[in-house]
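Since the structure comes first, as structure tokens, the remarks are kept for the end.
Numbering of ligands and ligand atoms starts at 1, following listing order.
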Amino acid sequence: MLDAIVAKKKITVEQEKKYLSLKEIQKDISFGKFALSKVMRNSPWSLIAECKLQSPSKGRLCTNYTVLELAKIYEKNGAMALSIHTDEHFLGNLADIALVKEITKLPVLRKDFIIDEYQIYQSRRAGADAILLIARILSPAQLKEYLHMAWEIGVDCLVEVHDEKDINAVNDTRAELIGINNRNLKNFTTDVQNTLDLVKYCDRNRTIISESGIKNREDIERVKKHFIRGVLVGEGLVKAANIAAKTRELSLVKGF
Ligand SMILES: O=P(O)(O)OC[C@@H](O)[C@@H](O)c1c[nH]c2ccccc12
């Protein structure tokens, strides 16, 4: 599935370049302020709350709320940042970033499959504070190059890792934010234990978070003991009976 999404993404990006060239995009961007890393550096715990309406493996996850409604609930209840899908397989849309930025003050991570430098500038032009870089779909050279390009325009990168090989590639860069993904890329199941197994390979000077399959305080207590500074949660939030309460629970809001 990942391969198919990436193949399709390559075609989409080539089409987008025809519509608006890289040069034109580069002319039209304001510099970012590294808002995500700033927030995470200053906070002992960060919930990055994902506005996830659908996933390719599970289908529709959320029908009662729009991306904007979710963003507002998350902000009001203690989330430190928002993750906004912009890939079609997740019902995402690049324009959602600007809409979300209009109604919240939180840093916004663009959640997509970045495989071309074009998308880095495109993300900033769309208003993103940060982008996801998935180590598995990039060569070590590409990873370094993309981190540098993003850094030059004030955009943070959350580098996602799935195994020891990915982590070795990231340790060899200056990436500040690392996300250990608990999702098995072959069968799409999630296991929080993956974070505990892999965190020992990560350079401790980075800000490390746990991604996918986080459902409750128990999961958080488990990873928090092992130098994890935050979580990225989608399904656990959007499928909760009370999304506001779940956001407070996973944000570690006092008195919950
Ligand atoms: O819904 P979950 O299990 O809480 O997972 C959120 C997030 O980690 C997941 O959406 C994700 C992590 N990395 C990705 C890369 C592409 C698409 C999706 C993802």
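One side chain, R124 or S30, offers a donor N or O that lies under 3.5 Å from an acceptor on the other. No hydrogens or angles considered: nothing links the side chains of R183 and T190 as a donor-acceptor pair under 3.5 Å.
Residues passing the salt bridge (Lys or Arg N to Asp or Glu O under 4.0 Å) test with E176 are R41, sequence neighbours excluded.
For ligand 1, the protein residues within 4.0 angstrom (heavy atoms only) are E50, K52, H85, F90, K111, F113, L132, I134, E160, N181, R183, E211, S212, G213, L232, V233, G234, E235.
Listed by chain and number, the hydrophobic cluster partners of F34 are W151, where partners are ILVMFWY side chains within reach of under 4.5 Å, directly or through others.
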Hey, can you pull the donor-acceptor pairs under 3.5 Å for the side chains in residues 3-10, sequence neighbours left out?
unit_1, atom_1, unit_2, atom_2, d
K9, NZ, D87, OD1, 2.8
K9, NZ, D112, OD1, 2.7

**OP:** Just do the side-chain hydrogen bond (donor to acceptor under 3.5 Å, both in side chains) check on N182 and S210 with the steps written out, would you?
**Re:** CA-CA 7 Å; N182 299 314; S210 181; 3.0 Å; yes
